[in-house]
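One structure below.
In what follows, every chain begins at residue 1, and chains take the letters A, B, ... in the order their sequences are listed.
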Number of protein chains: 2
Amino acid sequence: MTITQLKYALSIAEHKNFTKAAEKCFVTQPTLSTQIQKLEDELDVVIFDRGKKPIELTEVGRKIVFQARNIVNEAERIQDIVDQQKGFIGGEFRLGIIPTVMPTLLPMFLQNFIKKYPKVKLKIEELTTEEILTRISDGHLDAAIAATPLESDNIKERVLYYEPFVAYVPNNHRLRDKKTIEVSDLDIDDMLLLEDGHCFRDGVINLCKSFKDQIDDSFQLESGSIETLIKLSNEGLGMTLLPYLHTLDVKEKLNPNLRHFKEPSPAREVSIIYHKSELKMQIIDALHNVISGIIRGAIAFQNVEIISPLPK
Amino acid sequence: MTITQLKYALSIAEHKNFTKAAEKCFVTQPTLSTQIQKLEDELDVVIFDRGKKPIELTEVGRKIVFQARNIVNEAERIQDIVDQQKGFIGGEFRLGIIPTVMPTLLPMFLQNFIKKYPKVKLKIEELTTEEILTRISDGHLDAAIAATPLESDNIKERVLYYEPFVAYVPNNHRLRDKKTIEVSDLDIDDMLLLEDGHCFRDGVINLCKSFKDQIDDSFQLESGSIETLIKLSNEGLGMTLLPYLHTLDVKEKLNPNLRHFKEPSPAREVSIIYHKSELKMQIIDALHNVISGIIRGAIAFQNVEIISPLPK
DNA sequence: TAATTTTATAGTCTAAATTTATAATAATGA
DNA sequence: TCATTATTATAAATTTAGACTATAAAATTA
């Protein structure tokens with residue numbers, strides 16, 4: 001049994017197709033066929049059920065592939081150890097970011113990061129929290145930036161910052177004349193929400209729920225981006241909530257529409273999250289340092305109350 | 001990097017000598033030399049400092065060898081998975097047993113176990129608790145039977161039975177006329193103890209200490225075996241304490257010397273202990289089942305108070 | 001300094017991994 | 001249903017990697 005064979009098995013399990021798996025491994029398909037056969041012969045079990053299309057894992061196969069993931073992860077950590085020894089911070093690093101953090105945070109730290117760590121090849125993807133969790137678990141992402149806490153066993157969290165919710169109250173709205181907003185002022189029924197799948201949406205719902213148990217979700221106007229929420233709000237379709245960093249992008253003439261919460265302001269916790277195996281920890285540390293250094297200048301709030309990003 | 005190379009590195013780290021390591025790996029010394037060189041070239045670090053005699057690990061080398069142990073352990077677990085799938089319980093299994101458990105417990109379960117699991121090749125060694133702990137940690141033992149709790153991070157415990165302490169009171173001893181003994185009756189100064197390194201000795205000391213803080217260890221008669229303790233006691237050199245199972249071996253005419261404790265009787269907890277990685281768990285389960293099944297017929301005590309086996 | 005122990009290197013052999021080419025098989029679509 | 005396509009398996013050839021024997025080099029010990 002070799003590490004190479006295990007990597008092949010992982011690739012086949014992932015793509016459910018010898019040919020595609022072979023491409024990803026940069027070898028030919030017969031190589032995979034013979035190597036997997038050797039592995040199966042040596043262990044004297046069938047790992048892949050080639051009868052089914054697409055290929056399926058057998059019961060043992062699933063367990064073996066799970067364990068193969070562990071072994072390959074542990075093996076990759078050897079390179080981590082060497083990098084750490086040499087003070088080398090580099091290599092490919094796949095980072096996921098949730099949509100409501102991406103447009104505001106990324107421009108703030110990216111330039112800075114690639115200047116400081118030019119050898120790191122960052123591959124950044126915008127993904128929902130759910131997608132992020134599966135991809136960190138299966139090893140397709142090295143880390144991600146998401147709202148926390150997530151209560152996920154396989155994943156560790158390291159807080160980057162707390163981002164208060166800010167109300168966006170259009171002209172003629174019932175809350176227009178209030179200088180600061182309280183959570184009890186909120187009414188889910190005149191709140192513009194992001195569409196399903198965004199954890200910021202869940203955060204807002206949790207916040208409103210904290211004062212109103214029953215939520216009638218018959219009609220709500222929903223949108224895919226915070227930009228659109230602001231426009232809809234300007235059309236008089238209701239108020240909305242924004243993450244603080246987004247308010248820095250609001251056009252100056254719309255600034256009068258913003259209302260901060262009375263302290264302790266509701267806020268979301270934004271963290272860098274990663275697999276519990278702590279692979280590539282040097283790069284995760286580097287990201288953490290750069291981002292929390294930058295954010296220190298942008299967010300000064302102390303007294304906040306964290307709202308869970310999880311749907312209830 | 002191959003699993004084989006990592007195994008070679010582990011062997012060299014253990015024996016601090018290429019030649020001996022090669023023998024243990026059943027290959028020639030040049031094989032190790034070249035494979036380790038390849039590994040070092042690939043990682044571009046030096047793992048072994050051949051300058052020192054005996055060979056030493058470099059700083060990175062230590063970390064790499066530690067991680068290699070993890071990888072090799074995880075790799076061996078693949079075979080475990082396969083065995084589990086096939087219901088196969090077999091292969092070599094190295095079991096350590098502490099001296100005060102060995103002579104009484106082993107004869108009780110060994111025949112039974114090898115009849116039930118003939119494919120398991122048990123290699124049993126009598127070892128002190130301390131030796132057991134290091135050997136489980138470094139992978140030289142698969143499991144052991146010892147007095148617990150041990151409070152060791154790397155090691156898991158599964159209780160087999162509770163074995164009460166029984167007093168052995170010779171003729172003309174001050175406690176001779178008592179039908180049941182109490183802990184407060186004990187005096188460390190007329191107690192015959194096993195020599196240093198036995199955890200049963202530490203158990204007895206802890207028990208006596210529970211009523212007497214200061215222990216004057218100026219003169220105590222000590223011995224390497226419980227058989228000898230009994231003989232010394234018969235010579236009028238003091239009383240002693242025996243683990244319950246040993247009292248079943250005491251000759252009939254000496255039975256009148258035995259005194260049980262008033263309930264709750266002090267007792268030691270005897271467990272099967274193993275590495276937290278839970279390798280070969282099927283065999284550990286099998287041992288646990290056989291032993292606790294057998295012991296159920298021999299020890300019926302319920303109301304006991306566990307005495308720590310650790311030196312304080 | 002000679003003898004011994006230990007590691008490294010050179011050359012050779014063998015087995016293993018990979019490739020190309022092609023066959024076999026299953027799925028898809030006219 | 002039958003050709004077309006996609007996919008996996010097999011065969012033969014090639015390359016690479018692992019292991020061995022023999023021996024050199026270096027360090028240690030007597």
Side-chain angles (χ1 to χ4, degrees), chain A residues 1-58 60-62 64-65 68 71-72 75-76 78-79, chain B residues 1-58 60-62 64-65 68 71-72 75-76 78-79:
Chain A
M1 189 179 79
T2 66
I3 294 173
T4 312
Q5 287 172 350
L6 297 178
K7 284 182 181 168
Y8 292 165
L10 284 176
S11 186
I12 296 168
E14 183 186 336
H15 298 100
K16 310 205 174 306
N17 179 313
F18 278 64
T19 316
K20 279 176 199 146
E23 279 170 31
K24 297 281 175 179
C25 295
F26 306 107
V27 292
T28 59
Q29 166 267 314
T31 299
L32 289 213
S33 284
T34 51
Q35 285 310 112
I36 295 300
Q37 277 172 39
K38 274 189 56 179
L39 182 61
E40 289 180 326
D41 284 354
E42 183 182 336
L43 299 176
D44 193 30
V45 287
V46 177
I47 298 173
F48 296 103
D49 182 353
R50 288 99 159 154
K52 308 268 176 59
K53 303 281 154 145
I55 282 171
E56 276 181 23
L57 283 162
T58 62
V60 233
R62 237 189 315 282
I64 289 174
V65 164
I71 297 168
V72 171
E76 282 176 358
I78 294 272
Q79 188 59 56
Chain B
M1 189 180 79
T2 67
I3 294 173
T4 312
Q5 287 172 350
L6 298 178
K7 284 181 181 169
Y8 292 165
L10 285 176
S11 187
I12 296 167
E14 182 185 337
H15 298 101
K16 311 205 173 306
N17 178 313
F18 277 64
T19 315
K20 279 176 200 145
E23 278 170 31
K24 297 280 176 179
C25 294
F26 306 108
V27 291
T28 59
Q29 167 267 314
T31 300
L32 289 214
S33 284
T34 51
Q35 285 311 113
I36 295 300
Q37 277 173 40
K38 273 189 56 180
L39 181 61
E40 289 180 325
D41 283 355
E42 183 183 334
L43 298 176
D44 193 31
V45 287
V46 177
I47 298 174
F48 296 102
D49 182 352
R50 287 98 161 156
K52 308 269 177 55
K53 302 280 153 146
I55 282 173
E56 274 181 26
L57 282 163
T58 62
V60 232
R62 236 188 317 280
I64 288 173
V65 164
I71 297 169
V72 171
E76 281 175 359
I78 293 273
Q79 189 59 56

Could you tell me the separation between the [atom1] atom of [X] and the [atom2] atom of [N], rounded to a whole number of Å?
| X | N | atom1 | atom2 | value |
| --- | --- | --- | --- | --- |
| A:His15 | D:dT7 | NE2 | C1' | 15 Å |
| A:Glu56 | D:dT7 | CD | C1' | 16 Å |
| A:Lys16 | D:dA6 | NZ | C1' | 18 Å |
| A:Glu42 | C:dA15 | CD | P | 17 Å |
| B:Gln35 | C:dA15 | CD | C1' | 14 Å |
| B:Lys7 | D:dA19 | NZ | C1' | 16 Å |
| B:Leu39 | C:dA8 | CG | P | 14 Å |
| B:Glu40 | C:dA8 | CD | C1' | 12 Å |

Under a 4.5 Å cut-off applied to non-hydrogen side-chain atoms, are A:Leu39 and A:Tyr8 in contact?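 No, their side chains stay 4.5 Å or more apart.
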Any non-hydrogen side-chain atom of A:Asn17 less than 4.5 Å from a side-chain atom of A:Ile55?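 Sidechains of A:Ile55 and A:Asn17: no contact.
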Counting side-chain heavy atoms from C-beta on, which of [options] comes nearest to [X]?
| X | options | value |
| --- | --- | --- |
| A:Pro30 | C:dA21, D:dT8, D:dA19 | C:dA21 |
| A:Lys20 | D:dT10, D:dA19, D:dT7 | D:dT7 |
| B:Thr19 | C:dT18, D:dA9, C:dT6 | C:dT6 |

So does B:Lys16 have more than 12 non-hydrogen atoms from other groups sitting under 6.0 Å from NZ?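 Enclosed: over 12 neighbouring heavy atoms sit under 6.0 Å from NZ of B:Lys16.
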Which part of the nucleic acid, if any, lies within contact of B:Ile55, taking any heavy atom under 4.0 Å across all strands shown: a base, the sugar-phosphate backbone alone, or nothing?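 Here B:Ile55 touches the backbone only, sparing every base.
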Hey, does the side chain of [X] come within less than 4.0 Å of [N]'s phosphate (OP1/OP2), counting only N and O?
| X | N | answer |
| --- | --- | --- |
| B:Thr28 | D:dA19 | no |
| B:Ser33 | C:dA8 | yes |
| B:Asn17 | C:dT5 | no |
| A:Gln37 | D:dT8 | no |
| A:Arg50 | D:dT7 | no |
| A:Thr34 | D:dA9 | no |

For A:Gln29 and A:Tyr8, find the nucleotide of DNA chain C closest to each by heavy atoms; which residue's nucleotide sits nearer the 5' end?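 Its nearest nucleotide lies further toward 5', so the answer is A:Tyr8.
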For the side chain of A:Glu40 and the backbone of A:Ile47, is there at least one donor-acceptor N/O pair under 3.5 Å apart?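 Indeed, once roles are kept as given, a pair shorter than 3.5 Å links the two residues.
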Determine whether B:Gln35 and B:Thr31 satisfy the following criterion, side chain to side chain donor-acceptor pair (under 3.5 Å), listing intermediate values before the conclusion. CA-CA 6 Å; B:Gln35 285 311 113; B:Thr31 300; over 6 Å; no
